[in-house]
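Every chain is numbered from 1, with letters handed out A, B, ... down the list of sequences.
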Amino acid sequence: MTPAELSQAVQAAVSAAVEAGELAVAVPEHVTVERPKNRDHGDYATNVALQLAKPAGRPPRAVAELLAARLREFTGIAKVDIAGPGFLNITLDAASAGELARTVVDAGEAYGRNEALKGLKINLEFVSANPTGPIHIGGVRWAAVGDSLARILRATGAEVTTEYYLNDAGVQISKFAASLQAAANGRPVPADGYVGEYIVDIAKAITDAVPGVLDLPADEQLQVFREQGLKLMVAEIKRSMDEFGTHFDVWFSEKSLHDSGAIEKAIDRLREQGHVFEQDGAIWLRTTDFGDDKDRVLVKADGDITYFAADSAYYLSKRDRGSEVSVYMLGADHHGYVNRLKAIAACAGDDMNRNIEVKIGQFVKMLRDGEEVRMSKRAGNIITIDDVVDWIGVDAARYTLARSSTDSTITLDVNVLTSQTSENPVFYIQYAHTRMCGVQRKAESMGITKGSAEDFKPELLATEWESELLGALADFPRVVAKAGELREPHHVARYLEDDVARKYHRFYDNCQILPKGDEEVTDLTRARLWLADATRTVVANGLALLGVSAPERM
RNA sequence: GCGCUCAUAGCUCAACGGAUAGAGCACUUGACUACGGAUCAAGAGGUUGCAGGUUCGAAUCCUGCUGAGCGCACCA
């Protein structure tokens with residue numbers, strides 16, 4: 001019996017009680033059934049009696065009594081207790097619990113997938129760092145979290161488009177080009193330009209690729225550095241992302257919005273909705289209609305188009321391309337953007353509480369020798385995506401960055417990253433996977449298989465360690481759905497770490513799977529192989545959602 | 001000044017409004033005649049920043065305060 005089936009059983013018990021006239025309440029649409037932390041509280045617990053007590057006008061424990069009596073009639077439920085203020089503690093019989101191993105093995109790679117967000121078209125934009133330098137540690141966090149979130153949303157049934165917005169049109173690119181030009185000519189970079197090893201490297205790559213570029217007039221020269229520099233930098237970012245296992249379906253060019261006239265069209269559309277006005281020679285969007293603290297300029301008095309106008313056109317582009325929900329993942333320096341971005345959606349006639357979500361994630365702080373590393377492009381002490389991958393590898397980097405809530409700042413110690421990589425919990429999870437693969441290899445070499453589904457005896461998986469592990473495996477679909485709905489991939493990571501891997505290691509240490517010496521192969525041997533196979537499936541599926549490999553050997 | 005976000009063990013971080021707030025690292029102590037010990041078991045470590053409120057129940061929701069980060073352009 002899966003938690004979903006149990007939830008339905010509880011719901012059915014409520015319905016039956018209502019129909020019998022014992023309870024005067026509306027039957028809840030969803031009944032939550034959770035794994036209690038304390039094993040004495042059974043396999044599952046529900047607080048439904050506590051929630052129904054008030055509307056029913058009955059004491060919680062009386063409601064619980066009614067439901068418990070009905071629940072005890074269900075096959076697969078061994079015991080129902082009432083505890084505390086009115087919790088229902090439910091214990092499954094061993095066969096019903098063990099059956100889950102078969103469910104998982106049968107579903108294979110599909111186990112964990114669900115339809116919580118079925119058919120929802122989501123545009124997920126993340127990283128979107130300016131193409132004027134390598135991706136630094138902050139961007140790496142969004143790469144890890146964003147890519148994992150895309151995988152989780154897809155597993156939850158959503159249709160996801162991942163997107164990187166390239167700011168290839170503004171003054172930052174001009175400064176970047178000017179810096180390259182200066183470097184190529186052996187001059188110091190401009191005061192507000194970009195500094196760093198990579199500037200010199202790219203400048204050299206351009207002078208190598210375009211012989212004679214330095215003989216061109218200054219303005220033509222600058223144009224070459226602008227185009228070539230952008231091309232090389234974007235290629236570099238794409239390479240980094242590719243190596244990091246992060247895929248973007250769309251690399252969206254800001255410049256294309258300018259070149260195609262999309263911005264003017266967007267302004268017209270916003271004007272039709274009645275939120276555009278002129279003042280002091282500029283064209284404005286009245287974002288204060290929808291909670292922004294000030295109105296925003298779309299076209300400046302001198303005729304220049306603002307970055308905000310491009311943002312507006314970009315949102316409409318996402319919408320036109322079919323996005324029902326546009327998710328923006330931005331860094332903590334973008335708090336001020338939330339209201340104006342949401343106002344764009346509202347001004348376009350959309351529902352700002354549904355069609356657009358702006359997630360603000362906290363910074364990554366770096367520590368070296370106990371002191372915070374203040375990164376600055378000027379000082380050239382940026383910690384880049386390639387640095388992190390060199391130090392600890394893609395798996396450990398992705399896991400480290402994806403295992404915490406984006407709401408919390410994370411502090412990474414450079415000394416730890418560059419030395420003791422085995423401290424990373426990702427290895428704990430991967431080791432569980434290799435252990436199961438090891439058991440399977442050993443079983444094969446002994447000529448043992450888990451046998452056919454008909455011969456599987458789930459009731460033999462009855463020790464506390466097997467029961468705990470089965471409970472953890474049963475929780476996977478719910479965890480994936482929750483992570484998708486909350487847009488928080490770290491729930492999957494913590495689940496693998498604290499539930500699945502931990503409980504597997506305990507099971508492994510306490511329950512011998514394969515026969516030792518001249519012991520017989522028994523039904524219990526085969527049942528435990530089913531459980532190991534099911535666990536391996538969940539670990540592999542879970543790691544895949546995080547973009548982390550599930551190695552067969554380490 | 002206004003706005004947004006955060007505050008949990010020595011450190012790094014968890015905790016769907018639920019029962020005794022959990023892991024890892026570091027510290028103390030056990031378990032290898034092994035299905036690979038990158039593991040397991042045990043111990044110690046907390047007034048969840050402070051003060052109120054809502055609730056049967058608050059780390060979680062509301063209010064105020066304190067502290068920290070970020071943001072408040074006809075910049076991008």
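- Contacts of A:Asp280 with the nucleic acid, taken as non-hydrogen atoms under 4.0 Å apart, include base atoms.
- For B:G67 and B:C50, the C1' atoms lie 11 Å apart once the distance is rounded to whole Å.
- Checking A:Gln172 against A:Asn167 by side-chain atom types alone, no donor-acceptor pair falls below 3.5 Å.
- Remark: A:Asp40 does not engage A:Lys37 in a salt bridge, criterion side-chain N to carboxylate O under 4.0 Å.
- Contact between the side-chain N/O atoms of A:Tyr495 and the OP1/OP2 oxygens of B:A15 is not found at any separation under 4.0 Å.
- Taking a pair to require two hydrogen-bonding distances under 3.5 Å in either a Watson-Crick or a G-U wobble arrangement, B:C70 pairs with B:G3.
- Of all non-hydrogen atoms in A:Gly291 and A:Asn339, the two that sit nearest each other are O-ND2, 3.6 Å.
- Rounded to whole angstrom, the span from the CG atom of A:Asp509 across to the P atom of B:G36 amounts to 12 Å.
- Regarding A:Ile410, its CD1 atom lies at a distance of 16 Å from the C1' atom of B:U5, rounded to whole Å.
- Note on A:Gly84: nothing from the nucleic acid sits closer than 4.0 angstrom, heavy atoms only.
- Nucleic acid contact class of A:His41 (heavy atoms, under 4.0 Å, all strands): base.
- Using a 4.0 Å cut-off, no side-chain N or O of A:Tyr428 falls inside it from OP1 or OP2 of B:C25.
- Nearest heavy atoms, A:Phe225 versus A:Ala177: CB-O, 3.9 Å.
- Between A:Lys342 atom NZ and B:C4 atom P the separation is 13 Å, expressed in whole Å.
- Residue A:Glu115 qualifies as open at atom CD: its count of foreign heavy atoms under 6.0 Å is 12 or below.
- Here the side chain of A:Asp302 pairs a donor or acceptor atom with the backbone of A:Asp304 at under 3.5 angstrom.
- Scanning all heavy atoms of the two residues, the minimum distance from A:Leu23 to A:Ala56 falls at CD2-CB, 3.8 Å.
- Stacking between A:Phe87 and B:A19 is present: the aromatic ring centre lies within less than 5.5 angstrom of the base six-membered ring centre, and the two planes differ by under 30 degrees.
- Pairing of B:G64, defined by two Watson-Crick or G-U wobble distances under 3.5 Å, is identified with B:C50.
- Nucleic acid contact for A:Asp333: sugar-phosphate only, since backbone atoms but no base atoms lie under 4.0 Å from a heavy atom of the residue.
- Look at A:His505 and you won't find any side-chain N or O under 4.0 angstrom from OP1 or OP2 of B:A38.
- For A:Asn38 against B:U20, a side-chain-to-base donor-acceptor contact under 3.5 Å is present.
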Shorter than 3.5 Å, N or O on both sides, protein versus nucleotides 56-63 of chain B: list them out with atom names.
residue : atom : partner : partner atom : Å
B:C56   : OP1  : A:Lys54 : NZ           : 3.2

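- When rounded to the nearest whole Å, the span between NZ of A:Lys294 and C1' of B:C74 equals 12 Å.
- Looking at A:Phe507 and A:Ile513, their side chains come closer than 4.5 Å, going by heavy atoms from C-beta outward.
- Within 4.0 Å of A:Phe308, counting heavy atoms only, lies no atom of the nucleic acid at all.
- Side-chain N/O atoms of A:Asp499 and base N/O atoms of B:A14 include no donor-acceptor pair closer than 3.5 Å.
- B:A41 is paired with B:U29 under the criterion used here, namely a Watson-Crick or G-U wobble arrangement in which both key atom distances are under 3.5 Å.
- Spacing between B:G3 and B:U54 at atom P, rounded to whole Å, works out to 26 Å.
- Using a 4.0 Å heavy-atom cutoff across all strands shown, A:Ala310 reaches no nucleic acid atom at all.
- Between the CG atom of A:Asn510 and the P atom of B:C35 there is a distance of 15 Å, given to the nearest Å.
- Taking the charged nitrogens against the carboxylate oxygens, A:Arg403 and A:Asp498 have no contact shorter than 4.0 Å, which rules out a salt bridge.
- Nucleotides B:A21 and B:A58 are separated by 13 Å at their P atoms, to the nearest Å.
- B:C6 and B:U60 have their P atoms separated by 13 Å, given to the nearest Å.
- Here the P atom of nucleotide B:A38 and the CE atom of A:Met554 are 9 Å apart, to the nearest Å.
- Spacing between B:U47 and B:C4 at atom P, rounded to whole Å, works out to 31 Å.
- Look at A:Tyr508 and you'll find a side-chain N or O under 4.0 angstrom from OP1 or OP2 of B:G37.
- Look at CD on A:Glu423: it is 9 Å from C1' on B:G24, rounded to the nearest Å.
- Side-chain polar atoms of A:Ser467 and A:Arg39 form a donor-acceptor pair below 3.5 angstrom.
- The residue A:Val171 sits close only to the backbone: its heavy atoms come under 4.0 Å of sugar-phosphate atoms, none of a base.
- When distances are taken from the side chain of A:Pro36 to each of B:A15, B:A19, B:C35, the shortest belongs to B:A19.
- Nucleic acid contact for A:Gln362: sugar-phosphate only, since backbone atoms but no base atoms lie under 4.0 Å from a heavy atom of the residue.
- A donor-acceptor pair shorter than 3.5 Å can be found between the side chains of A:Glu163 and A:Tyr314.
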Might you list the N or O atoms of the protein lying below 3.5 Å from N or O atoms in nucleotides 21-23 of chain B, with each pair's distance?
residue : atom : partner  : partner atom : Å
B:A23   : O2'  : A:Arg502 : NH2          : 2.8

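- Heavy atoms of A:Leu298 sit nowhere under 4.0 angstrom from any nucleic acid atom.
- Look at A:Asp533 and A:Lys450 and you find a salt bridge, because one of the NZ, NE, NH1 or NH2 atoms lies within 4.0 Å of a carboxylate O, short of that distance.
- In this structure, A:Ala83 reaches the bases: a heavy-atom distance under 4.0 Å links it to at least one base atom across the strands shown.
- Residue A:Ala301 is in base contact, counting any heavy-atom pair closer than 4.0 Å across all strands shown.
- Look at OH on A:Tyr328: it is 21 Å from P on B:C4, rounded to the nearest Å.
- Base contact: A:Gln279 has a heavy atom under 4.0 Å from a base atom.
- Using a 4.0 Å heavy-atom cutoff across all strands shown, A:Asn89 reaches at least one base atom of the nucleic acid.
- Residues A:Glu125 and A:Met329 form no side-chain contact, since every pair of their non-hydrogen atoms from C-beta on lies 4.5 Å or further apart.
- Phosphate contact (OP1/OP2 of B:A14, side-chain N/O of A:Ser408, threshold under 4.0 Å): present.
- Residue contacts for A:Arg340: at a heavy-atom cut-off of 4.0 Å it reaches a base atom on one of the strands shown.
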